[in-house]
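In what follows, every chain begins at residue 1, and chains take the letters A, B, ... in the order their sequences are listed. Source: prediction; values computed, not measured.
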There are 2 protein chains.
Amino acid sequence: MAKRVRLIDIAERLNITKVTVSKALRDQPDISKDMRALVKKTAAEMGYTPNLVARSLSSQRSHILGVVVPKIAHPFFAAVIDAIQEEATKKGYGILLAVSNENAALERQHIERLLAMRVDGLLVSVSKQQPDLSVYQQVRDMHMPLVFFDRQIEDAGFSSITIDDRLGAFHAVDHLIQQGYRKIAHIAGTHDVAIGRERRAGYEEALRKHDLPVFEPWVIAGGFDEWHGYDAFVQILHTDALPDAVFAVTFPVGLGVYGAMREHAPDLLDTVQILTFGDGEVNAFYPYPHLCVRQPTQEMGHRAVEILLAEIEGTADGPAQRVVLQTSLVTAQNYRLPSRDEAAESLRLAG
Amino acid sequence: MAKRVRLIDIAERLNITKVTVSKALRDQPDISKDMRALVKKTAAEMGYTPNLVARSLSSQRSHILGVVVPKIAHPFFAAVIDAIQEEATKKGYGILLAVSNENAALERQHIERLLAMRVDGLLVSVSKQQPDLSVYQQVRDMHMPLVFFDRQIEDAGFSSITIDDRLGAFHAVDHLIQQGYRKIAHIAGTHDVAIGRERRAGYEEALRKHDLPVFEPWVIAGGFDEWHGYDAFVQILHTDALPDAVFAVTFPVGLGVYGAMREHAPDLLDTVQILTFGDGEVNAFYPYPHLCVRQPTQEMGHRAVEILLAEIEGTADGPAQRVVLQTSLVTAQNYRLPSRDEAAESLRLAG
DNA sequence: CTTCGTAACTTAACCGATAAAGTAGGCCGT
DNA sequence: ACGGCCTACTTTATCGGTTAAGTTACGAAG
């Protein structure tokens, strides 16, 4: 049982050629019904499993998608990757996962490696560092399908599926203001990355709508992780005035703000309202839930795969699609534990 | 620029054979220094990248590892996958990720698919459902290296890297008792999975050490996710007495307990101490951090890859290794934000 | 009765590499 | 001068499939 069964082994057993076997297994019409049945039966008996590597080489299709994300231990990306994996599996594809760690050079290396591995397409969320456009040019030159999700490089000519960051941020901050908050700080991302720019724009737009000024010392750009949130809030504590609410560009940044408060100004925990763009399942159950902008992670993952597969399997490489998904605001009013049915549903789909 | 450069293209340009090119690029000694240099130079000029699919087929090595986990949007698994990916990349391997969703049938399908894709080895954390042993027998028969991490199937004869669940649980509960808690409930996992059994054993051992009885209605077995924690705690609320502490078998289960408290008995939030086995980065920053048993996720991921690669690249398939890692208890005393250096470190390694 | 078409396979080529075996030419020693 | 031995390549085979181009035999049509 040590050796693996090949097409030719089946062929020899039946005194036919491997081509016949190959065709029979793939139900090609120029093999008789009887022969097809016979071959399939014998293949099953002998425990044949096709060598996907060989198949990839000759068919020029690997049925593998390359996925590149900046981070994985992050509620948003973990959820999206999960959805991507689920959808890919359903469609008969596997995923090769690579993490860029927010590092453009590493992102480039990963993409090159995935290209060398002959993935059928790429799903990429770019790192926050200035991207190396040459790789993407290369991808384009070889007509490799690619779909950006969440974080894209605009003008690169690829399809993308993103979230309406500006509108989501706008609604959220608008809501804060309507609740009576006036002194709203914003721990922002970096300007090079779209989500950083857009969320900030939405924030400023909401302030403008209510004729509130943008107080520069309270808008601190810099990054997307916990420590940025931590440092930024410490910096805010050093200004003269204190905000009554903080809008964090990401969930991890929001966590950093909590960390800073806990260590440097625990009394603020109950007075300063925190709002984050993005949530973790964590927040749903925590005793101290905060406002957050919920991103449709599952839909994003599923549709990203759908768009990519359309480009892979579709004929023409039509114009790049640009899908924009809307967020929903999780407020104290509509706050509820995630539906148990959703959990059951995702399990059922998988099974 | 549309077509990809192959070995033979370089060969024709230089009027030599593709074999010479192949050998030159791989620095084989029977090619002259001059020729090697020339070939490499031209290859670079022409923008050659090897077709890894073809290489896999002929060399019978894919340099891809298959990773199967029950879940991904889960702080523990996300962290371990991250570490696995990082280490694999460093060693020149890619990872094919598959999620079983705690479903044994899906787990089986994934493994079969990964085998067909000719991964060089497998890293598996089994689902909580009764596993389908036949796949593992198949893996064994074809001498495919496999390492279990965190959740294993004992007696399957494969190497494993796990966490000392019993001791970790024991120390943690022992600590609770020393802090004065006496009425400690345990929301347990299922009995079929080792982590469920072991953590419960550690819990009972600690109680025994202090001559405390195990109050059966407070030991509720069932699962590892948020809703199990939620339901179990609601059930506890229906018993006559109330515990003064709750030991949750996983971090998500602990979250579920919080959710239940928040909805059904918010006054308990400040009185009932929660202890979870496993933590999320979340907990480090949250204003309401609880006790937790920290698992060495990064070490687990790194070492799992090391062990697997040793089996892949090593000659003999010696006896299966069984590595057990120790946990550390994160208490109110030693509680601190994660080191900024660690973050920097992981970024440096990646770059 | 010849011709043509078609069903059902078989042969030959190819995918892009690697591995093993073969072969010139140069240098050496005797 | 001749066999032996490197050196540096080249030839040939192989990995396990898929695709395109034959090849038979048989039945129907003209």
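- Of the candidate nucleotides C:dG16, D:dA21, C:dT18, C:dT18 has the atom nearest to the side chain of B:Val19.
- Using a 4.0 Å heavy-atom criterion, one finds that A:Ile16 contacts the sugar-phosphate atoms exclusively.
- Atom P of nucleotide C:dT23 and atom CG of B:Asp30 are separated by 17 Å, given to the nearest angstrom.
- Distance NZ (A:Lys23) to C1' (D:dT18): 10 Å, rounded to an integer number of Å.
- Between the C1' atom of D:dG16 and the CG atom of A:Asp9 lies a distance of 10 Å, rounded to the nearest Å.
- Among D:dG17, C:dT11, D:dT18, the nucleotide with an atom closest to any side-chain atom of A:Thr17 is C:dT11.
- Between the CZ atom of B:Arg26 and the P atom of C:dA20 there is a distance of 11 Å, rounded to whole Å.
- Among D:dG17, C:dA21, C:dT10, the nucleotide with an atom closest to any side-chain atom of A:Arg55 is D:dG17.
- Among the heavy atoms of the strands lying under 4.0 Å from B:Leu57 is at least one base atom, whether or not backbone atoms are also near.
- A:Asn15 places its CG atom 13 Å from the C1' atom of C:dT10, with the value rounded to the nearest Å.
- Nucleic acid contact for A:Ser32: sugar-phosphate only, since backbone atoms but no base atoms lie under 4.0 Å from a heavy atom of the residue.
- Taking only side-chain atoms of B:Arg6, from C-beta outward, the nucleotide of C:dC15, D:dG16, C:dT18 with the closest atom is C:dC15.
- The shortest side-chain heavy-atom distance between A:Leu65 and A:Ile312 falls under the 4.5 Å cut-off.
- With C:dC9, D:dC15, D:dT18 as the candidates, the nucleotide lying closest to the side chain of A:Ser22 is D:dT18.
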